Amino acid sequence: MTSATQAPNVPARTLPNRPNMVSVGTMVWLTSELMFFAGLFAMFFTLRSAEPQMWAENSALLDVPLALTITVILVSSSVTAQFGVFASERHQPRRTGSMMSIKHWGMVEWYILSFILGSLFIAGQTYEFAVLVSEGITIPADAFGSAFYITTGFHGIHVIAGLVAFLFVIARAYFSVKFTHKEASAAVVVSYYWHFVDVVWIALFGVVYILPFFV
């Protein structure tokens, strides 16, 4: 007579989900960038408190309608970039239908549109810089010029870096034989950076262009 013994139920071992290290590294780096811009804001407010009259006079020369227009353009580019992220998450690098059919767009089409909108922002900012320089507002002219160009200029450099990142991701999608998780992760990381740049500009727009109307 034989007897069978039943092994106790042992729960299967599962490995914990590890965060994407590229995303984590990007978040840490963006935190350092946030501290950098916090220092620029501190400089701007310090100089402004020292020369309130000069700030009021020079702020009146700023083209607020133009700044509002390029702000809307930049914020719109953040929306289109997020649609690109959605496409990359479903592993759709390129459109599956007509170019006129937006619902069939892939990550590449959305990121190209984001690149165009970001380029329009830079073009508008460059035009404003040229007009202000012609009116005598320059970096060596006074504290306002220094604070204005340093804060908005450094942000512009970050926007240009984001545009280069868009091109890199678009090219990677074109030349990759297969759109894998690595390509999708690269697209998501670039969107993190772009959203960060947009949020910083909204804060700059409020401080540089809107605050003088109230304080």
Side-chain angles (χ1 to χ4, degrees), residues 18-52 54-55 58-59 62 64 67-68 70-82 84-85 88 111 114-115 117-122 124-126 128-129 132 137-169 182 184-215:
R18 295 182 179 181
N20 188 307
M21 296 310 296
V22 176
S23 297
V24 172
T26 302
M27 291 298 184
V28 173
W29 174 61
L30 290 180
T31 302
S32 67
E33 288 291 289
L34 181 62
M35 298 299 293
F36 170 76
F37 278 104
L40 293 183
F41 278 105
M43 174 203 68
F44 188 91
F45 281 113
T46 300
L47 294 176
R48 185 176 185 272
S49 63
E51 298 285 350
M54 176 186 25
W55 234 261
N58 289 337
S59 295
L62 299 178
V64 178
L68 178 60
I70 63 175
T71 298
V72 172
I73 290 174
L74 190 63
V75 172
S76 299
S77 73
S78 194
V79 175
T80 57
Q82 189 58 40
V85 170
S88 69
Y111 271 22
S114 302
F115 176 86
L117 293 174
S119 298
L120 289 175
F121 172 85
I122 291 296
Q125 191 177 52
T126 302
E128 183 184 27
F129 284 1
L132 291 175
I137 299 180
T138 61
I139 291 179
D142 50 39
F144 176 85
S146 299
F148 175 80
Y149 289 113
I150 289 175
T151 52
T152 58
F154 269 112
H155 176 268
I157 293 173
H158 280 72
V159 173
I160 293 173
L163 296 178
V164 173
F166 275 134
L167 292 179
F168 172 79
V169 172
K182 290 183 178 180
S185 296
V188 172
V189 165
V190 170
S191 75
Y192 289 163
Y193 176 82
W194 195 251
H195 294 326
F196 169 80
V197 168
D198 283 8
V199 170
V200 170
W201 175 255
I202 292 173
L204 276 173
F205 175 73
V207 169
V208 176
Y209 294 91
I210 303 302
L211 187 61
F213 288 101
F214 300 97
V215 180

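By convention here, the first residue in the shown sequence is residue 1. If you're wondering where the values come from, they're calculated on a predicted model, not measured in any experiment.
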- What residues, two or more places apart in sequence or in another chain, satisfy side chain to side chain donor-acceptor pair (under 3.5 Å) together with Thr80? Ser114

- At their closest point, which heavy atom of Ala81 faces which heavy atom of Trp194, and how far apart are they? CB-CD1, 4.2 Å

- Task: Could you list the residues that satisfy ring-ring contact (aromatic ring centres under 6.0 Å, His included) with Tyr192, not counting sequence neighbours?
- Result: none

- Mind checking what makes ring-ring contact (aromatic ring centres under 6.0 Å, His included) contact with Phe115, not counting sequence neighbours? none

Donor-acceptor contacts, no H, no angles, side chain residues 140-147, under 3.5 Å, sequence neighbours left out:
from	atom 1	to	atom 2	distance (Å)
Asp142	OD1	Phe144	N	3.2
Asp142	OD1	Gly145	N	2.8
Asp142	OD2	Asn58	ND2	3.4
Ser146	OG	Ile139	O	2.6
Ser146	OG	Asp142	O	3.2

- Message: So Ile210 and Phe205, do their side chains get closer than 4.5 Å, heavy atoms only?
- Response: yes

- Taking the side chain as every heavy atom from C-beta outward, state whether Ile70 and Leu120 have any atom pair closer than 4.5 Å. no

- Item | His155: side chain to side chain donor-acceptor pair (under 3.5 Å) partners, not counting sequence neighbours | none

- Query: How would you list, by chain and number, every residue that makes a ring-ring contact (aromatic ring centres under 6.0 Å, His included) with Phe154, sequence neighbours excluded?
  - Reply: Phe36

- Query: CG/Leu74 to CG/Asp198 distance, rounded to the nearest 0.5 angstrom?
  - Reply: 4.0 Å

- For residues 201-215, which residue pairs qualify under side chain to side chain donor-acceptor pair (under 3.5 Å), counting only residues two or more places apart or in two chains? Thr71-Trp201, Glu128-Tyr209

- Task: Can you tell me which residue pairs pass the side chain to side chain donor-acceptor pair (under 3.5 Å) test with a partner in residues 36-49, sequence neighbours excluded?
- Result: none

- Item | Side-chain heavy atoms of Phe129 within contact of Thr152, under 4.5 Å | yes

- Message: Going by ring-ring contact (aromatic ring centres under 6.0 Å, His included), Phe44 matches just one of Tyr149, Phe148, Trp55, Phe37. Which one?
- Response: Trp55

- Message: On a heavy-atom basis, which atom in Ala186 and which in Val169 lie closest, and how many Å separate them?
- Response: O-CG2, 4.0 Å

- Pairing residues for Val199 by the side-chain contact (heavy atoms from CB on, under 4.5 Å) criterion, not counting sequence neighbours: none

- Non-neighbouring partners of Ser185 that pass side chain to side chain donor-acceptor pair (under 3.5 Å), sequence neighbours left out: Asn20, His181

- Just jot down the side chain to side chain donor-acceptor pair (under 3.5 Å) partners of Ser191, sequence neighbours excluded, or say none. none

- Steps toward side chain to side chain contact (heavy atoms under 4.5 Å, CB included) verdict (Val188, Thr26): CA-CA 10 Å; Val188 172; Thr26 302; over 6 Å; no

- Item | Any residue meeting side-chain contact (heavy atoms from CB on, under 4.5 Å) with Ser76, in chain and number order, not counting sequence neighbours | Val72, Leu117

- Item | Heavy-atom side-chain proximity of Tyr111 to Val85 below 4.5 angstrom | yes

